[in-house]
Protein chains: 2
Amino acid sequence: MEPRKRPGRAPAPAGRTARPRQAEVARLAGVSQATVSLVLSPKPDGKGRIISEETRRRVLEAARSLGYVPDPAARRLAAARNNLLGVFSFTATFPTDVQHSYYPFLVGVEREAAALGYDLVLFTGSSTGGAGAAGPDALSRVRLADGCLFIGRHTPRTELKRLVEDGFPVVHLGRREELEGVAWVGAGYVEATRDVVGHLAELGHRRIVLVREDDDAPASADRQRGFLEGLEAAGLPSGPATVFRSADPQRDLTPERLRAWADEGVTAFVAEETDTGAAWRGLLSAVREAGLDCPAEVSLALLGSPPADLASEPVPTGFDIPRPQLGAAAVRLLAALVAGEEAPEPLVGCVFRPGPTTGPPHARTERP
Amino acid sequence: MEPRKRPGRAPAPAGRTARPRQAEVARLAGVSQATVSLVLSPKPDGKGRIISEETRRRVLEAARSLGYVPDPAARRLAAARNNLLGVFSFTATFPTDVQHSYYPFLVGVEREAAALGYDLVLFTGSSTGGAGAAGPDALSRVRLADGCLFIGRHTPRTELKRLVEDGFPVVHLGRREELEGVAWVGAGYVEATRDVVGHLAELGHRRIVLVREDDDAPASADRQRGFLEGLEAAGLPSGPATVFRSADPQRDLTPERLRAWADEGVTAFVAEETDTGAAWRGLLSAVREAGLDCPAEVSLALLGSPPADLASEPVPTGFDIPRPQLGAAAVRLLAALVAGEEAPEPLVGCVFRPGPTTGPPHARTERP
DNA sequence: CGCATTAGGTAATACGCATTAACGGGAGAG
DNA sequence: CTCTCCCGTTAATGCGTATTACCTAATGCG
């Protein structure tokens with residue numbers, strides 16, 4: 001009697017020249033598939049040495065002559081790990097508007113991922129309403145990776161926390177302490193800002209004003225904290241009066257305001273860097289309109305890098321945010337979480353950048 | 001007696017909250033794993049309707065509440081799609097040197113991928129020698145995705161052909177006709193260049209010279225072809241004498257050479273765009289040194305976009321390569337291949353860009 | 001020479017999902 | 001009431017690798 005056909009997937013149709021499998025290699029070399037696997041995927045620790053040199057040679061020869069290449073899908077399935085790290089930004093990863101581009105971060109992300117043996121999955125997230133469309137479960141898709149990196153301000157907290165609670169490795173690029181349990185990497189704004197203030201104090205400035213936007217982002221708060229700490233460390237008067245906060249610095253920061261400060265003895269200003277660069281732009285134009293000379297009459301410092309469209313102007317004193325390094329650090333942290341290892345340092349230092357916009361304070365000549 | 005332990009792979013260590021599998025979803029929904037699979041991978045033909053609406057709802061609900069997402073590796077292994085498109089560049093995708101950045105293409109790639117419901121896998125290629133390092137199977141990793149987009153000049157032909165032969169969907173961004181069977185998308189340089197020549201001819205120029213580098217890239221060949229076609233179409237004398245080809249235009253294109261041409265009655269020059277922009281730079285500096293006024297005495301056109309560092313100069317007449325559209329077209333083509341549909345048009349048109357560097361020819365005053 | 005040990009290798013799994021033959025139950029037919 | 005047939009669901013497989021318990025022959029030791 002004919003053996004009853006059992007259920008299951010239909011066997012492959014034995015298509016033309018299918019890629020060789022370990023099984024074929026094994027047959028040709030006269031060994032078992034397991035041996036082939038052992039030969040072709042050497043373990044870092046010398047444990048793989050169980051295979052004799054002779055057999056090893058035969059297998060390698062067979063593999064080469066058949067042109068064997070491992071199937072990544074099978075490999076990753078067996079390893080129970082995809083070697084994929086997700087990158088999720090809440091705007092397009094490659095925005096048309098370069099101003100808001102995460103490009104500099106991605107430079108570091110890619111490099112470090114490559115170094116650690118991971119590939120990157122770009123989730124075409126909220127971008128064009130495509131794959132994940134909107135929907136609360138849009139974020140679910142990231143689970144296909146071993147872990148995911150989040151970039152951007154407008155993070156759906158609920159969904160993110162959900163991922164974390166489920167034990168899914170998540171790293172946020174940029175400080176995110178309010179989100180309990182979410183790992184993050186950030187720039188050391190506090191220290192860097194303190195350094196800039198220290199630099200000004202050393203030059204002899206006694207009254208310094210911070211210009212910031214009306215933003216509650218941690219990056220802004222950190223700079224303000226560093227600013228105040230810097231003042232105190234230098235024994236200078238601090239307090240709310242030294243911070244100018246405005247939702248629209250380019251409008252509120254008038255030349256008159258600037259002159260008033262100057263009359264009060266303020267000789268230096270620092271502005272925070274933001275997406276728009278509004279604080280710095282406002283400060284620059286006010287100084288220009290007020291007819292003040294920099295650095296002769298006022299010293300200016302920027303807590304970050306100047307906007308791209310101001311590239312032609314001299315690069316001001318301040319500090320550089322090491323964006324590629326930040327990206328790399330994020331990847332390292334994420335990889336550590338995925339591997340269950342201990343988390344490395346989340347803060348990346350910013351480097352002080354000397355520039356032509358600061359100098360010793362100048363006893364201002366009275367204006368009529 | 002203790003049941004003897006059988007050989008085989010050790011079971012997963014039941015780590016914390018492992019990612020949910022279809023099995024978990026099935027348990028929660030009170031059905032079998034097979035049912036979950038049937039519900040979650042809808043077949044295009046109505047055959048999938050075997051599952052009752054009630055069961056389907058329960059499964060979907062369970063999957064959503066667990067945040068289930070299919071494992072791409074397992075899906076691939078089971079010969080199904082995983083909605084991932086690979087992107088493989090032979091240099092870093094995000095190079096530090098912006099000159100060689102593929103960023104503009106990726107803008108379109110990402111947008112189109114999102115629109116078509118695909119996520120992107122960035123294979124951290126030959127960049128840092130990390131993940132894939134070199135090796136013949138460096139390219140093999142891309143098989144994890146449903147198909148892969150290749151960007152860059154230095155394409156390992158052998159490995160690429162291997163992928164194609166194995167029936168793996170591959171698209172090369174940039175013309176690649178020498179690689180038999182490799183699908184590609186490219187810009188319509190021929191037509192665009194013809195248009196530029198036509199524009200000059202209409203202005204009244206009778207003698208035009210093309211400045212190109214000593215490069216055999218299809219992009220260069222196409223421009224030359226379009227140039228010659230443009231001349232013929234305008235009834236102007238063509239021939240090798242109208243093409244200046246140099247490995248180092250910035251050295252070989254001397255002011256003297258330029259004046260000689262001018263004396264011969266050449267009134268317009270077009271230069272190709274390349275990575276380095278050498279042809280255009282050479283042309284510009286020669287014109288400047290020769291003391292020729294543009295566009296009064298010579299008309300200049302650039303077959304592409306000016307290098308980034310010349311952004312401050314006026315944008316010359318020429319054409320724009322619609323890089324985002326090229327990226328999008330590549331993705332559309334790739335998606336078509338994956339779906340087994342017919343391939344769309346591989347050529348993307350360039351748009352003519354009027355500019356201040358061309359004008360009517362000028363009867364040149366003799367110089368002493 | 002008997003037994004423990006080592007070297008070299010193999011058989012049997014597991015990984016997560018898609019597929020399909022088979023199965024159970026209810027409806028309709030006879 | 002029994003027999004088909006249709007529906008919905010499940011059990012059993014396969015995909016290609018990695019891992020591991022176990023087996024066999026050769027070797028070491030007293």
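A note on names: the letters A, B, ... follow the listed sequences, proteins ahead of strands, and every chain is numbered from 1. Quick caveat, the model's predicted, so the values are computed rather than measured.
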Looking at [options], which one has an atom nearest to any side-chain atom of [X]?
X       : options                : result
A:Pro7  : D:dT20, D:dT9, D:dA12  : D:dA12
A:Ser32 : D:dG8, C:dC17, C:dT10  : C:dT10
B:Ala34 : D:dT19, C:dT20, D:dA18 : C:dT20
B:Gln22 : C:dA22, C:dA18, D:dG16 : C:dA18

Next item on the list: Identify whether any heavy atom of A:Val36 sits under 4.0 Å from a base atom; if not, whether one sits that close to sugar-phosphate; answer base, sugar-phosphate or nothing.
Entry: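 The answer is nothing, as A:Val36 stays clear of every strand by at least 4.0 Å.
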Nearest-Å distance for atom pair [atom1]/[atom2], residues [X] and [N]:
X        : N      : atom1 : atom2 : answer
B:Leu144 : D:dG16 : CG    : P     : 15 Å
B:Ile51  : D:dC6  : CD1   : P     : 18 Å
B:Arg143 : D:dC15 : CZ    : P     : 17 Å
B:Arg57  : D:dT9  : CZ    : P     : 13 Å
A:Leu77  : C:dT13 : CG    : P     : 18 Å
B:Leu38  : C:dA21 : CG    : P     : 13 Å
B:Leu40  : C:dG16 : CG    : P     : 16 Å
B:Arg76  : D:dT17 : CZ    : C1'   : 16 Å

Check: Name the one of B:Arg64, B:Arg57, B:Arg58 that satisfies side-chain hydrogen bond (donor to acceptor under 3.5 Å, both in side chains) with B:Glu61?
Finding: B:Arg64
Notebook entry, point to check: Does B:Ala74 or B:Gln33 map to a spot on DNA chain D nearer the 5' end, using the closest nucleotide for each?
Noted result: B:Gln33
Does a side-chain N or O of [X] approach OP1 or OP2 of [N] to a distance below 4.0 Å, or not?
X       : N      : value
A:Arg21 : D:dG16 : yes
B:Thr35 : D:dT10 : yes
B:Arg75 : C:dA18 : yes
A:Ser52 : C:dA7  : no
A:Ser37 : D:dT17 : no

Item checked: Backbone of B:Gln22 reached by a side-chain donor or acceptor of B:Ser37 within 3.5 Å ->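 No, because the side chain of B:Ser37 does not come within donor-acceptor range (under 3.5 Å) of the backbone of B:Gln22.
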Next item on the list: Could you check B:Arg76, B:Arg75, B:Arg81 and say which one makes a salt bridge (charged side-chain N to carboxylate O under 4.0 Å, His left out) with B:Asp146?
Entry: B:Arg76
Checklist line | Partner residues of A:Glu345 under the salt bridge (charged side-chain N to carboxylate O under 4.0 Å, His left out) criterion, sequence neighbours left out | finding: none
Notebook entry, point to check: Are B:His172 and B:Leu179 close enough, and set up right, to give a side chain to side chain contact (heavy atoms under 4.5 Å, CB included), and what steps lead you there?
Noted result: CA-CA 10 Å; B:His172 191 276; B:Leu179 290 186; 5.6 Å; no
Next item on the list: Determine which nucleotide pairs with D:dG30, using a 3.5 Å limit on both distances of a Watson-Crick or G-U wobble pair.
Entry: C:dC1
Next item on the list: Check the surroundings of atom CD in B:Glu342: do more than 12 heavy atoms from other residues, nucleotides or ligands lie under 6.0 Å from it?
Entry: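 Result for CD/B:Glu342: open.
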Item checked: 5' precedence on DNA chain C between A:Thr55 and A:Ala78 (nearest-nucleotide basis) ->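 Residue closer to the 5' terminus by nearest nucleotide: A:Thr55.
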